[in-house]
Amino acid sequence: MSTDDKNRAVAAAILPLVGGAGNITSVAHCMTRLRLGLRDRSLVRDEELKALPAVMGVVEDDTYQIVLGPGTVARVTPEFEALVAEAQAAPPATPSADDLAAQGAAIRAARKARNQTPFKLFLRRIANIFVPLIPALIGCGIIAGLNGLLINLGWLPGVTPALAAIASGFMALIAVFVGFNTAKEFGGTPILGGAVAAIIVFPGVAKVDAFGQTLSPGQGGVLGALGAAVLAVYVEKWCRRWVPESLDVLVTPTLTVLVSGLVTIFGLMFVAGEVSNAIGEFADWLLVHAGAGAGFVLGGLFLPLVMLGLHQALIPIHTTLIEQQGYTVLLPILAMAGAGQVGAAMAVYLKLPRNGSIRRTIKSALPAGFLGVGEPLIYGVSLPLGRPFVTACVGGAFGGGFVGLFSMLGTKVGSTAIGPSGWALFPLLDGDKGLGRTIAIYAGGLLTGYLAGFVATYFWGFGARLLEEFDVDTDAGPETVVAASAGTTPPPSPAPKPDREPKPAKL
């Protein structure tokens with residue numbers, strides 16, 4: 001089977017288990033998850049979905065999220081969209097009672113969406129703006145790291161300027177992409193948002209004075225682009241209401257770009273520049289003066305922040321730091337949360353020697369965990385068990401404290417892009433004391449996180465009741481499980497009939 005056929009088969013297997021094409025209202029994806037808007041949540045067959053080999057887990061938030069893993073999700077999503085489009089393009093049948101029930105469920109879902117907190121909706125919008133930029137950040141970041149290595153070694157001097165241009169081109173124009181996505185997310189015309197944001201990076205702004213100082217190209221960065229595009233959306237919507245339709249095509253885009261552009265040049269660029277500088281200075285001050293403590297807190301709290309969706313608030317901060325300094329010093333610390341999760345999972349594996357189901361889940365999910373994809377371990381192992389999730393956070397705290405300590409000692413460890421963590425972050429590492437020391441500190445943080453997560457989980461992650469409940473032979477019949485829980489000898493199992501094959505264990 002070809003790769004395209006395999007991806008289409010995965011999409012075809014998922015579609016009926018989420019209620020079919022008629023139950024889908026939206027399709028999107030991030031780094032690891034297929035995100036679906038659903039009309040009726042009750043039509044989803046969760047257990048059958050989780051049993052699919054390609055599915056690592058499911059998460060329910062404002063959308064129904066199916067964890068497929070990096071790379072896979074980007075290939076399966078277009079196939080899934082195509083299947084949904086094909087099915088929805090078919091001639092509609094006469095509405096049935098189920099159709100009417102689905103419409104009612106959609107109304108209830110819409111009402112539920114309106115009742116969500118404005119802060120969480122704002123954070124989701126921020127994520128929708130920046131998450132599509134992550135692949136370019138990763139690609140350009142890796143090229144920048146490779147270019148730096150070649151320069152340090154003195155190799156290929158004729159090629160390194162070209163690599164520098166390739167790596168820096170996207171970052172030089174990132175404000176335009178942010179403006180485009182922002183206008184799209186807030187309901188405006190995307191190209192107008194990009195046009196207004198482009199003012200920020202235009203070299204000609206160096207001839208403009210605002211607030212008693214000369215502006216510099218790029219001043220305000222992604223925060224300025226975000227603000228400029230949001231303003232452009234509101235100006236555009238105002239024009240759509242008041243400008244006559246016959247003049248709309250000429251007047252609306254002109255006023256949108258003119259008004260938003262003037263406010264951006266004579267206000268937003270200066271204000272956003274001051275805010276961006278403050279973010280960079282605060283991050284540096286925090287790690288220099290309280291690096292170990294700050295790293296301990298950030299590394300320990302990151303998994304709960306992910307569970308609540310609040311980690312999305314950090315995306316603009318990461319991007320701002322990358323714009324200013326060339327790397328974000330926060331991501332290597334936050335990545336330690338994944339190391340604590342891996343250590344906790346290894347301890348669970350040893351503490352539950354008879355639970356074949358959980359042990360198989362850990363063995364299949366650990367490689368992804370080492371590469372920074374933590375959802376399978378979180379949702380398949382630590383979170384359902386409860387206390388091991390807390391001890392995984394302890395491991396992340398110690399790993400974050402280790403990396404933060406070296407910031408206090410004068411060595412910054414940063415990442416040139418956001419998205420990856422774990423071992424996948426090594427190609428993106430950068431710092432102020434050379435690549436060798438940066439890699440060594442980050443590797444030391446990972447080892448600390450693994451060890452602390454393991455020790456905390458092994459010694460404090462299980463109470464007697466939790467062990468009694470889960471350390472049973474899940475591959476045996478119900479009599480064996482009950483007997484194991486009661487501490488008695490199970491009755492002998494009857495020999496299987498020769499004309500029937502044994503059923504595979506349910507994961």
Side-chain angles (χ1 to χ4, degrees), residues 129-130 132-133 136-137 139-141 143-144 147 161-186 188-239 243 247-281 316-327 416-417:
I129 292 167
F130 286 93
L133 306 179
L137 284 169
C140 294
I143 293 171
N147 189 54
L163 292 179
I166 294 171
S168 304
F170 173 73
M171 289 305 302
L173 297 175
I174 190 173
V176 180
F177 295 97
V178 170
F180 184 94
N181 287 349
T182 300
K184 180 180 179 181
E185 179 63 27
F186 281 84
T189 302
I191 198 65
L192 292 180
V196 174
I199 297 169
I200 293 174
V201 296
F202 178 59
V205 296
K207 300 177 181 180
V208 179
D209 291 333
F211 294 93
Q213 63 176 238
T214 301
L215 296 178
S216 59
Q219 185 172 339
V222 295
L223 298 182
L226 188 104
V230 170
L231 176 61
V233 170
Y234 282 102
V235 173
E236 181 186 0
K237 289 182 176 180
W238 183 90
C239 291
V243 173
L247 299 176
D248 181 75
V249 69
L250 296 175
V251 174
T252 296
T254 303
L255 285 179
T256 299
V257 175
L258 178 62
V259 173
S260 304
L262 288 173
V263 175
T264 298
I265 290 174
F266 292 105
L268 284 177
M269 286 186 66
F270 175 81
V271 174
E274 294 299 306
V275 173
S276 298
N277 291 336
I279 289 174
E281 291 171 1
I317 297 176
H318 287 311
T319 311
T320 298
L321 292 174
I322 292 172
E323 261 195 321
Q324 285 184 344
Q325 304 175 2
Y327 50 80
T416 57

In this structure, CD1 of Ile129 is separated from OG1 of Thr182 (nearest 0.5 Å) by 3.5 Å

Show your reasoning for whether side-chain contact (heavy atoms from CB on, under 4.5 Å) applies to Asn181 and Leu133.
CA-CA 9 Å; Asn181 287 349; Leu133 306 179; 3.6 Å; yes

Looking only at side-chain N and O atoms, does Glu236 offer a donor or acceptor that is under 3.5 Å from a partner on Thr252?
no

Kindly compute the distance separating NZ (Lys207) from CZ (Phe202), expressed to the nearest 0.5 Å.
7.5 Å

Heavy-atom closest pair (Ser260 atom, Ala228 atom, distance to 0.1 Å) is CB-O, 4.4 Å

With side-chain contact (heavy atoms from CB on, under 4.5 Å) as the criterion, how do Thr319 and Phe130 come out once you've worked through the C-alpha distance, each side chain's angles and the decisive distance to 0.1 Å?
CA-CA 9 Å; Thr319 311; Phe130 286 93; 3.8 Å; yes

A side-chain contact here means heavy atoms from C-beta on lying under 4.5 Å apart; do Ile166 and Cys140 qualify?
no

Val208 side chain near Thr214 side chain, heavy-atom distance below 4.5 Å
no

Does Ser216 offer a backbone N or O that forms a donor-acceptor pair with the side chain of Gln219 under 3.5 Å?
yes

Looking at OG1 of Thr320 and CG of Leu223, how far apart are the two atoms once the value is rounded to the nearest 0.5 Å?
4.0 Å

Between Ala232 and Thr256, which heavy-atom pair has the shortest distance, and what is it?
O-CG2, 3.4 Å

Step by step, would you call Ile322 with Thr416 a side-chain contact (heavy atoms from CB on, under 4.5 Å)?
CA-CA 6 Å; Ile322 292 172; Thr416 57; 5.7 Å; no

Taking every heavy atom of Ala225 against every heavy atom of Ala175, the minimum-distance pair comes out as CB-O, 3.4 Å

Where Gly280 and Gln324 come nearest, the two heavy atoms and their spacing:
CA-OE1, 3.4 Å

Please determine whether side-chain contact (heavy atoms from CB on, under 4.5 Å) holds for the pair Val176 and Ile200, giving the CA-CA distance in whole Å, both sets of side-chain angles, and the decisive distance to 0.1 Å.
CA-CA 8 Å; Val176 180; Ile200 293 174; over 6 Å; no

Could you tell me the separation between the CD1 atom of Ile265 and the CG atom of Asp209, rounded to the nearest 0.5 Å?
12.0 Å

Calculate, to the nearest 0.5 Å, the distance between atoms OG and CD belonging to Ser276 and Glu323 respectively.
7.0 Å

So, Phe177 versus Phe170, ring centres under 6.0 angstrom or not?
yes

Any heavy-atom pair between the side chains of Pro217 and Val201 that's under 4.5 Å?
no

Might you point out which heavy atoms bring Ala229 and Gly179 nearest each other, and give the distance in Å?
CB-O, 3.5 Å

So, Asn277 side chain and Gly273 main chain: donor-acceptor pair closer than 3.5 Å or not?
yes

Hey, could you give me the NZ/OG1 distance between Lys237 and Thr189, rounded to the nearest 0.5 Å?
10.0 Å

